[in-house]
Amino acid sequence: MRDLPAGAGPLELEATPFVPQERYQCGPAALTTVLLASGADVALDDIVDRVYLPERKGSLQFELLAATRTEGRLPYPIDGTLAAIRAELEAGRPVLVMQNLSIALMPRWHYAVVVGIDPDRDRVVLRSGTERRHVTSVRTFLYTWRRSDYWGFVVLRPDAIPADVERTRYFNAIAALEQAGQLESAATAWRTALSVWPGDRIATFGLGNVHLAAGDYAEAEHVYRELLEQDQSMVVARNNLALALANQGKFGAALEEIERALNQAGDSDLAAELKDTEQTIRRMRGGD
Amino acid sequence: MEFSKLRGAVVRFASVTLIGMGFVQAAPAAMINTGYLVDAQARAASLARVEVLLARDDVKQQLVKLGVDPAIVAQRVKGLSNAELMQLEQSMDEQKAGGDILGLIGAVFVVLIILELVGVIDIFKKS
């Protein structure tokens, strides 16, 4: 079930950089490899400082994802199948995977980068540890990968779309980039998403939010108004529209919008957040 | 859009200062982040899929056989957290991969998973 469909020939991204790991530091080495492959300008030493925990002699999964975002790149988790790896390799992206090289009782966790697959000759090729070209059988690879619950991700440039894109997962990835404060990359990513799903409400909302967070209030107002024209019941957009207005000094209009949002939200969970926004705007205006 | 039952969902507010690479960007207080909407929409879609299952006759019959009112179960599913809903969907996906979810065993299994999650029974011991 995790095998490749028959007939797929060999494929190897030979140009993938090789970053040999130093003692225990497979996480930084693997991450540097995929970041360099995505065109990011990084050095192993910097990545070590950001994702390596000396006391644990290792790196945590979420740290690898967070460090990817810090580079303005989008970490996208792949499905745990060889077909998913293959699809990303075909798009020119090596895949960072987590493995357990030992047995479950004595786990030896390891990060490596899949750069090639050759189903006919039963081979998976990895940049792994101090080996530039670690070749293993498909069966062995799947066995070691399974014990990490098939954990793996690719590093996307913000203008790239995952090979087998799953909308919610992709949008979550972009939203996380936005929250990490990588506003320029997040804006590019939302625009890229809009090229796949034109007029998508979440992606449009995301673009508005990036403008709002970046302090482009007039631009943010414009995007939220467009959204509300399509769907006037979109309370979250109205909340942020009110903030965009207040930040331009249009307090009257801002309070009007938030009142309307409060009416629309009724007693839903959003009501408390809207009231919070109302107070924020009143504070900004001064008085009350 | 159903927002009323977003209990347990992470409401993300960028009222904190976000620190990026070499610059500091302060998002306006009380801004609702995009992640909130992604979660809300994913939840609505999950609920819709589970509700389709619950509306099936074979699933309803199994529930009645177990002495549970399908309407009450449907009500409780709405109260599941996002993580629980995800768990439910994952279990159902695994069933699909293993065989025909429309078969009787599939229906029984779906019913048991749902009942487990809504807290009616406790038969699946987590290892």
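Residue numbering restarts at 1 for every chain, and letters A, B, ... go by the order of the sequence lines. Below, each value reflects all heavy atoms present in this structure, side chains not excepted, and no hydrogens, waters or symmetry copies.
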Rounded to the nearest 0.5 angstrom, the OG1-CG distance for Thr34(B) and Asn209(A) is 4.0 Å
Set of salt bridge (charged side-chain N to carboxylate O under 4.0 Å, His left out) partners for Asp231(A), sequence neighbours left out: Arg201(A)
Contacts of type salt bridge (charged side-chain N to carboxylate O under 4.0 Å, His left out), residue Glu63(A), not counting sequence neighbours: none
Once you round to the nearest 0.5 Å, how far does CD1 of Ile32(B) lie from CG of Leu243(A)? 8.5 Å
Can you say whether Ile202(A) sits under 4.5 Å from chain B via the side chain, the backbone, both, or neither, judging by heavy atoms? both
Heavy atoms only: give me the nearest Ala30(B)-Asn240(A) pair and the separation to one decimal. O-OD1, 4.4 Å
Segment of Arg69(A) engaging chain B (4.5 angstrom heavy-atom cut-off): neither
Under 4.5 Å heavy-atom distance to chain B, tell me which part of Thr168(A) shows up: side chain, backbone, both or neither. both
Does Glu166(A), at its CD atom, have more than 12 non-hydrogen atoms belonging to other residues, nucleotides or ligands within less than 6.0 Å? yes
Distance-minimising heavy-atom pair for Phe205(A) and Asn33(B): CE2-O, 3.8 Å
Could you walk me through whether Glu273(A) and Met31(B) pass the side-chain contact (heavy atoms from CB on, under 4.5 Å) test, one step at a time? CA-CA 9 Å; Glu273(A) 325 305 347; Met31(B) 169 179 164; over 6 Å; no
Where Leu37(B) and Met234(A) come nearest, the two heavy atoms and their spacing: CD2-CE, 3.5 Å
